[in-house]
2 protein chains.
Amino acid sequence: MAGVHELQRAAIVLHVLHHASEEPVHGAWMSEELARHGYSLSPGTLYPTLHRLERDGLLVSEQVVVEGRSRRVYRATPAGEAALQEGRRAVRELAGEVLPKDGRS
Amino acid sequence: MAGVHELQRAAIVLHVLHHASEEPVHGAWMSEELARHGYSLSPGTLYPTLHRLERDGLLVSEQVVVEGRSRRVYRATPAGEAALQEGRRAVRELAGEVLPKDGRS
DNA sequence: GCCACAGTATCGGAGTCCGATATCGGCTGT
DNA sequence: ACAGCCGATATCGGACTCCGATACTGTGGC
């Protein structure tokens, strides 16, 4: 259970950036969304991850109230989008290296 | 420096399994091979990683002597190959999720 | 025996993962 | 307005990983 798990941790960050770059997202929603894709993680992992991403300047957050619920919504910063591009590039590269060819063109 | 770095850690494990499933490999060679692909990691990370993979039953090692040099060569076990397949599947899935479409889905 | 060298192993501080649990903010009923 | 509720977020502590630098091991040459 070595490689896959680590890949999931990375995938989670990518997903967060991916969604946060398209629309504001909040923790609980991300949690569901990730679960929907088969990535389950506890709040004790998700929230520190969001904080870290914000601390690193990849996300910005803001408290909003939706339907009487106070949420912290996150959106990607330019640096966050750059990191996303970088991540995508890395995924593509990795795919090209370890996936059996079935090329483009 | 959040997402890309974690992806690299995962990529390294995949590369190790990938190569170890094709031919016996040893630490120093993997180090070079990974560097060639742009993944640089220190011995302090690589060797514990190999040990962990072996402890988890994904690799088996054996001491051999090559040109008067004693090396520990690793090969993938069936479980290791299974983990590799699993990892490939995860990469494919991840690619399909965060990469801009241009294939099927 | 002793040195040189490729290759491998270990140390210790910093950071991360995780589930369980606590906290918060705003609503609802009375 | 107060108490209580609930979704959402935050925190805690133990175990594990990362990392560079450094030490160690075994082999051949002198």
Side-chain angles (χ1 to χ4, degrees), chain A residues 1-17 19-20 24-35 38-75 83, chain B residues 1-17 19-20 24-35 38-75 83:
Chain A
M1 97 17 106
V4 177
H5 186 238
E6 295 168 348
L7 203 51
Q8 288 194 338
R9 291 281 79 74
I12 283 164
V13 173
L14 251 31
H15 266 95
V16 170
L17 289 175
H19 288 297
V25 298
H26 61 109
W29 180 85
M30 271 307 314
S31 183
E32 285 176 40
E33 172 68 14
L34 289 168
Y39 306 104
S40 58
L41 79 175
S42 74
T45 300
L46 177 60
Y47 288 105
T49 296
L50 291 173
H51 296 166
R52 187 154 40 87
L53 258 26
E54 181 166 25
R55 174 177 53 92
D56 293 350
L58 270 36
L59 295 178
V60 281
S61 73
E62 184 189 1
Q63 287 257 18
V64 303
V65 175
V66 176
E67 297 181 12
R69 293 284 167 271
S70 156
R71 291 173 177 170
R72 178 167 293 272
V73 298
Y74 292 86
R75 286 180 309 113
Chain B
M1 85 39 102
V4 178
H5 187 238
E6 295 170 347
L7 203 51
Q8 289 195 337
R9 292 280 79 72
I12 283 164
V13 172
L14 252 31
H15 266 95
V16 170
L17 290 174
H19 288 296
V25 298
H26 60 108
W29 180 84
M30 271 307 315
S31 184
E32 285 176 41
E33 173 66 13
L34 288 167
Y39 307 103
S40 58
L41 79 174
S42 73
T45 299
L46 177 60
Y47 288 105
T49 296
L50 291 173
H51 296 166
R52 186 154 41 87
L53 258 28
E54 181 166 25
R55 174 178 53 101
D56 293 351
L58 270 36
L59 296 178
V60 282
S61 72
E62 182 189 0
Q63 286 258 17
V64 302
V65 175
V66 177
E67 297 181 13
R69 293 283 165 270
S70 154
R71 291 174 178 169
R72 177 167 293 272
V73 299
Y74 292 86
R75 284 179 311 113

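Chain naming here is simple, since letters A, B, ... match the order of the sequence lines and numbering starts at 1 in each.
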Reading 5' to 3' through nucleotides 21-30 of chain D, protein heavy-atom contacts under 4.0 Å coded B for base, S for sugar-phosphate only, - for none: B-----BS--
For a quick test of reading the model: is some side-chain N or O of His5(B) closer than 4.0 Å to OP1 or OP2 of dC19(D)? yes
Which residues pass the side chain to side chain donor-acceptor pair (under 3.5 Å) test with Ser61(A), not counting sequence neighbours? Glu54(A), Arg72(A)
Apply side chain to side chain contact (heavy atoms under 4.5 Å, CB included) to Glu62(A) and list each qualifying residue two or more places apart in sequence or on a separate chain. Val64(A), Val73(A)
With sequence neighbours excluded, tell me which residues meet side chain to side chain contact (heavy atoms under 4.5 Å, CB included) with Val65(A). none
For Glu67(A), all residues meeting side chain to side chain contact (heavy atoms under 4.5 Å, CB included), sequence neighbours excluded: none
Residues which pass side chain to side chain donor-acceptor pair (under 3.5 Å) with Ser42(A), listed by chain and number, not counting sequence neighbours: none
Comparing Arg71(B) and Ile12(A) on DNA chain C - which has the more 5′ nearest nucleotide: Arg71(B)
Going by distance alone, is a donor N or O of one side chain under 3.5 Å from an acceptor N or O of the other, for His51(A) and Arg55(A)? no
If the condition is ring-ring contact (aromatic ring centres under 6.0 Å, His included), which residues does Tyr47(B) pass it with, not counting sequence neighbours? none
Mind checking what makes side chain to side chain donor-acceptor pair (under 3.5 Å) contact with Gln63(A), not counting sequence neighbours? Ser70(A)
DNA chain C: first to last nucleotide in contact with chain B (atom under 4.0 angstrom from a heavy atom), 5' to 3', is dA6(C) to dT10(C)
